[in-house]
Amino acid sequence: MTESESASDNQRPWQSYHTVYTNAKAGMDGVDKEKVQRIVYEMSKGSKYFENEERKEAFIRQKIEHMRARAAKLSATDLSHYQKVVDKRILELEATRELSRIWLHVDMDAFYAAVETLSNPSLKGKPVAVGSMSMISTANYEARKFGVRAAMPGFIARKLCPELIFVPTDFKKYTYYSDLTRKVFRNYDPNFMAASLDEAYLDITGVCKEREITGEEIAEELRSRVHEDTGLTCSAGVAPNRLLAKVCSDINKPNGQFVLPNDRMAVMAFISSLPIRKIGGIGKVTENILRGVFGISTCEEMLRKGSFLCALFSRSTADFFLSVGLGLGGTDMPEARFRKSISSERTFSATQDAALLYQKLADIAEMLSADMQKEGLSGRTLTLKLKTASFEVRTRAMTLQKYICSRDDVLKYASKLLKAELPISLRLIGLRVSHFNEDKGGVPVDPTQKTLTTFLISEDASRRIVNDHSSLGPDLSDLHFMNERETALSMDSHETCQYEFGNPFESTHLPDMDDNNCISSENAWEMEKTCELSNNKTAAMVKTADWIVPTPKSPKKEILRVSEEDYSVQRESEDSNPDRLNKETSGNEEPFSSNEMKQLFWVDDYKCSLCGAELPSCFVEERQEHFDFHFAEKLQREESVLDSSALMPRQRIVPKDCVASQSRRKKQKSQVSKICYPNPRIPCRTQTVAVSQLSVSPLQSSSNQISPKTHLNTLQTGTKPYDRTTSNVIKEATISKPSMSDILASSRAQNFDLQLQTLGPFFRITAKSLDTNRELGRAEGLIRVWFGGRILHLDSIRLKRETLGMERSIFGIGLFIGAVAIRYGYDCGCKTAELLAINDSDLYHSKLVRFYKRIGFKAVHEVTGSTIGDMPHMLIWGGIGTRMDASVEELLVKWCSRLKSQK
DNA sequence: GCGGATCAC
DNA sequence: TATGGTGATCCGC
């Protein structure tokens with residue numbers, strides 16, 4: 001932010017409060033925007049809604065910063081590569097340009113307000129808003145002069161325009177008039193596409209030819225006939241495609257029209273200066289990102305910055321942006337689309353009274369069930385939507401074995417979902433059912449879903465009547481048919497190459513295995529790694545080819561889903577270091593020999609001779625630890641030449657009954673509860689759920705589940721999620737230990753992101769690079785109940801190979817992952833942490849034990865397998881080695897300085 | 001499949 | 001006093 005900007009922010013803070021209301025809309029030309037902005041700001045300031053908007057804005061700003069950084073990192077080589085990609089892509093898109101069809105978009109002027117004025121002529125000439133004090137649906141043009149507009153709360157609108165007349169919505173009326181307009185539309189295109197009650201797209205190519213008149217004349221005629229039949233005015237846009245027609249209908253609103261000729265030059269001239277926000281599909285956020293990151297504000301600039309767009313967005317998104325820059329849009333008639341979900345939600349005054357919330361839930365379930373039965377629908381996925389008193393929105397979903405539609409069924413499962421969220425203070429509850437029974441019939445869903453490319457090219461899509469749903473009410477006829485981005489770009493169901501071995505967090509199919517249906521964890525790990533590696537490589541390479549020579553029928557869909565970052569990383573490695581790929585794939589490097597290990601020394605008494613990491617000589621322990629890292633790397637390489645990863649203590653052999661437990665776990669899948677810790681610098685909702693949310697997994701509501709509970713919970717005042725950092729009492733209790741946010745802040749300072757997932761008693765912690773989004777390592781374990789209290793059972797900690805070369809490994813990603821586990825255990829009330837330093841070979845075993853001792857564990861038992869007493873240990877741990885324990889609290893204290901000083 | 005976010009009307 | 005409801009899609013797990 002520049003100085004002048006921040007200065008004006010201080011003097012005129014409303015300028016930094018971005019709402020959708022300032023978006024230029026028809027009829028708002030003469031509005032004093034500064035004044036509107038100020039009033040909106042002043043009316044909103046300090047409210048919960050406002051605070052939430054600020055949180056969201058901060059999040060977007062951060063996103064923009066991150067993308068900016070990524071854009072800045074692109075090398076000249078990268079950019080010239082992407083420029084070639086763009087040039088090629090533009091040619092391909094250009095080849096799909098279709099100028100033979102004439103589309104007309106018709107949009108009723110201030111529809112609801114106009115209808116109300118029709119039925120109550122005394123409103124004529126006066127400012128009218130349809131809606132309530134809390135929300136306005138439509139404002140007429142008289143009201144818009146004051147800055148009043150749709151989606152604005154009524155009480156703010158009244159402040160802007162004290163004379164404003166409020167009229168409640170009456171959908172019956174609007175549907176009646178909508179039907180009248182549609183009768184007119186049908187004369188020009190019997191297959192017209194209704195976009196909503198007041199908007200439609202008509203392909204008037206045929207009628208223009210038949211009557212040998214221009215699109216302009218058709219538009220004039222249609223508009224006057226609509227006026228004759230309804231008394232309402234409308235605006236129209238005529239253009240070679242729907243995207244442009246929609247933009248055109250907005251130009252001479254109200255009661256006007258604009259015609260864009262079917263001529264490439266005319267289209268390009270039109271698009272060149274068009275603000276991107278005018279394009280359907282580009283909203284407030286996308287506009288902000290495009291402007292903030294790339295300085296794009298007009299469609300033409302999409303083409304100029306094409307290389308950046310291709311580098312930073314997914315292919316489909318980049319394609320959409322480029323096609324916007326070229327003024328391309330849908331010209332064919334898309335297939336009829338059927339409803340995919342049905343929902344019901346209500347806002348009420350915020351409450352945390354559980355009984356009241358259940359009552360609201362029952363009401364919603366009732367309404368939803370009634371709607372479903374009206375439509376003859378039943379579905380198997382139920383989604384609960386919640387909006388907290390602070391306007392944070394959450395959804396919780398479950399997919400059932402059976403299809404449901406009855407009130408009782410809906411309520412039964414919805415209650416389970418809600419129960420897991422209590423206690424909570426809510427202002428909205430909603431329910432949605434999807435995965436309809438009819439889905440299986442395959443009628444509505446095109447089996448060969450189109451990509452944007454094929455969508456743009458294909459003109460042969462069979463025409464279907466999509467406008468004759470009047471009897472079904474507004475819901476169905478209001479489905480969106482016109483948004484190419486939405487209708488054409490869905491590419492679902494990528495298959496990842498993953499094998500699961502008794503992992504409670506994942507439950508896809510088992511790989512083909514031996515007769516005994518069992519596989520050692522070693523093999524599992526190897527297979528997973530091998531597969532992951534080859535998969536990534538193939539994907540990246542095919543992706544490269546795909547960009548350059550797109551194949552309409554891509555061999556594997558998942559390939560297209562490879563993230564852009566993977567792509568750029570791959571490119572980088574190809575460009576700058578051709579050997580890297582070979583290294584990674586050959587996997588035949590010689591592991592460190594014992595001699596090589598000895599070669600670790602400190603260059604200039606400061607720098608590691610093996611990896612270049614710098615560490616002053618006074619860091620004795622850290623140096624030892626650093627040595628251990630290289631040692632772990634060596635262990636890993638020696639253990640598996642195929643395995644490209646380094647494995648820091650790996651323990652565990654999957655028991656023989658893994659298949660049985662697998663299937664049991666499969667059933668639990670939909671109930672995985674995931675907790676993400678967002679960047680602590682960003683105030684957003686998940687931050688405060690750090691601990692309290694851990695107890696919400698539906699699984700944990702059943703009797704034998706461990707409900708992670710923090711000793712700090714007892715200090716909670718009650719319902720509101722507490723904030724450790726602001727409560728003095730709580731601060732006192734944690735002062736000597738790193739909090740979860742401390743740990744996360746430290747990890748983020750080192751540019752990686754930690755995530756904790758729980759499933760009942762099980763947990764998993766994964767570390768990901770913020771730069772590449774790749775996983776760097778993970779830990780898994782569970783909280784188990786024992787006589788003396790709960791125990792944090794650490795099953796495995798794995799680090800990926802790329803972690804090891806990094807400078808940050810001085811402080812060890814493993815340490816951070818461990819720290820999250822320990823902190824989680826601490827918050828769950830565990831006093832003790834336990835693990836098994838596996839004894840695969842004596843040589844490494846003693847090293848492993850030393851490593852664990854250094855970080856705070858003590859050996860408690862040697863599991864040798866030679867005594868009967870070892871049986872329980874072996875059953876639990878699946879192997880032999882040294883059982884080691886540590887005090888959770890002591891570990892936290894011991895690691896404190898490191899985890900708190902990294903910020 | 002889930003959850004968050006965005007978008008449109 | 002007070003900031004909606006419905007449906008769809010995309011992305012990243």
Side-chain angles (χ1 to χ4, degrees), chain A residues 19-21 40 43-44 47-50 52-53 56 59-60 63 107 111-112 131-138 150-158 169 171 195-199 246 279-287 289 313-314 316-317 320 337 339-347 349-350 368 371 380-381 383-385 387 391-399 427-428 430 432 434-435 474-476 478-483 485-494 496 505-508 561 563-565 669-676 678 684-686 755 757 766 768 773 775:
Chain A
T19 63
V20 291
Y21 317 130
V40 170
M43 297 294 287
S44 302
S47 68
K48 297 260 173 65
Y49 173 82
F50 180 85
N52 190 250
E53 288 299 297
K56 290 197 304 196
F59 188 78
I60 293 167
K63 193 172 172 181
D107 191 344
F111 184 54
Y112 298 172
S132 70
M133 222 27 113
S134 51
M135 188 52 61
I136 289 175
S137 292
T138 314
M152 179 182 273
F155 66 94
I156 293 181
R158 196 174 54 183
T169 50
F171 279 94
S196 67
L197 281 182
D198 71 325
E199 274 184 47
K246 164 100 175 138
I279 302 294
I282 298 182
K284 189 181 89 168
V285 174
T286 310
E287 180 193 27
I289 289 173
F313 289 102
S314 72
S316 56
T317 306
F320 170 68
R337 297 170 65 83
R339 175 208 280 289
K340 292 187 173 58
S341 71
I342 185 165
S343 67
S344 187
E345 67 187 54
R346 286 295 176 276
T347 295
S349 53
L368 179 60
D371 288 349
R380 48 187 282 261
T381 297
T383 306
L384 172 71
K385 176 179 171 183
K387 196 187 280 179
F391 286 86
E392 299 149 7
V393 176
R394 303 177 194 172
T395 59
R396 296 290 179 262
M398 69 199 304
T399 299
R427 71 188 323 278
L428 173 144
R432 179 167 74 247
S434 49
H435 256 120
D475 285 339
L476 196 53
D478 282 1
L479 286 177
H480 302 223
F481 294 103
M482 70 304 179
N483 191 328
R485 204 166 154 236
E486 289 180 357
T487 57
L489 295 181
S490 58
M491 274 184 295
D492 285 331
S493 73
H494 68 296
T496 51
F505 289 89
E506 289 150 17
S507 62
T508 57
R561 297 282 293 243
S563 82
E564 211 43 50
E565 280 165 320
K669 185 179 177 192
S670 66
Q671 302 183 333
V672 170
S673 128
K674 186 162 78 181
I675 293 101
C676 298
C684 73
R685 74 154 188 87
T686 39
Q755 198 182 66
Q757 293 169 279
T766 43
K768 271 189 151 187
N773 208 26
E775 186 177 319

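Naming: A, B, ... by sequence-line order, numbering from 1 per chain.
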What is the distance, to the nearest angstrom, from the [atom1] atom on [X] to the [atom2] atom on [N]?
| X | N | atom1 | atom2 | value |
| --- | --- | --- | --- | --- |
| A/Lys768 | C/dG12 | NZ | P | 9 Å |
| A/Gln755 | C/dG12 | CD | C1' | 10 Å |
| A/Arg394 | B/dA5 | CZ | P | 11 Å |
| A/Lys385 | B/dG4 | NZ | C1' | 11 Å |
| A/Glu53 | C/dG4 | CD | P | 10 Å |
| A/Lys340 | B/dC7 | NZ | C1' | 16 Å |
| A/Phe313 | B/dA5 | CZ | P | 17 Å |
| A/His435 | C/dA8 | NE2 | P | 13 Å |

Where the side chain of [X] is defined as all heavy atoms beyond and including C-beta, which of [options] is the nearest nucleotide?
| X | options | answer |
| --- | --- | --- |
| A/Arg339 | C/dC11, C/dG4, C/dG7 | C/dG7 |
| A/Thr381 | B/dG4, B/dC2, B/dC7 | B/dC2 |
| A/Asp198 | B/dG1, C/dA2, B/dC9 | B/dC9 |
| A/Thr347 | C/dG4, C/dG7, B/dG3 | C/dG4 |
| A/Thr286 | B/dC7, C/dG4, B/dG4 | B/dC7 |

Checklist entry - Mind checking what makes side-chain hydrogen bond (donor to acceptor under 3.5 Å, both in side chains) contact with A/Lys387, not counting sequence neighbours? => result none

Next on the checklist: Under the rule for side-chain hydrogen bond (donor to acceptor under 3.5 Å, both in side chains), what residues qualify as partners of A/Thr381, not counting sequence neighbours?
Outcome noted: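 With neighbours one apart ignored, the set is A/Thr399, A/His435.
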
With sugar-phosphate meaning primed atoms plus P, OP1 and OP2, does [X] contact a base, only sugar-phosphate, or nothing at under 4.0 Å between heavy atoms?
| X | answer |
| --- | --- |
| A/Arg158 | base |
| A/Leu384 | nothing |
| A/Lys387 | sugar-phosphate |
| A/Lys48 | nothing |
| A/Ser344 | sugar-phosphate |
| A/Leu428 | sugar-phosphate |
| A/Arg346 | sugar-phosphate |

Checklist outcome for this item: Shortest non-hydrogen pair, A/Ser434 vs A/Ser341, comes out as CB-CB, 4.0 Å

Under-4.0 Å side-chain N/O to phosphate OP1/OP2 contact, [X] with [N]:
| X | N | value |
| --- | --- | --- |
| A/Ser341 | C/dT6 | no |
| A/Thr395 | B/dG4 | yes |
| A/Arg396 | B/dG4 | yes |
| A/Ser343 | C/dA8 | no |

Item to check | Presence of salt bridge, A/Lys56 and A/Glu53, under 4.0 angstrom | outcome: yes

Checklist entry - When you match A/Glu345 and A/Phe391 each to their closest nucleotide on DNA chain C, which lands nearer the 5' end? => result A/Phe391

Next on the checklist: Any donor-acceptor pair under 3.5 Å linking the side-chain atoms of A/Thr317 with those of A/Ser314?
Outcome noted: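 Yes, a side-chain donor-acceptor pair sits under 3.5 Å.
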
Next on the checklist: Just so I know, are the side chains of A/Phe320 and A/Thr286 near enough to count as touching, which here means a heavy-atom distance under 4.5 Å?
Outcome noted: no

Item to check | Identified side chain to side chain contact (heavy atoms under 4.5 Å, CB included) counterpart of A/Met152 within the set A/Val40, A/Thr19, A/Val20 | outcome: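 Only one of A/Val40, A/Thr19, A/Val20 forms a side chain to side chain contact (heavy atoms under 4.5 Å, CB included) with A/Met152, namely A/Val40.
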
Checklist entry - Want to settle it: does A/Lys284 or A/Arg380 sit nearer the 5' end of DNA chain B, counting the closest nucleotide to each? => result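 The answer here is A/Arg380.
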
Checklist entry - More 5' along DNA chain B: A/Thr383 or A/Gly283, using each one's nearest nucleotide? => result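 Here A/Thr383 is the residue nearer the 5' end.
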
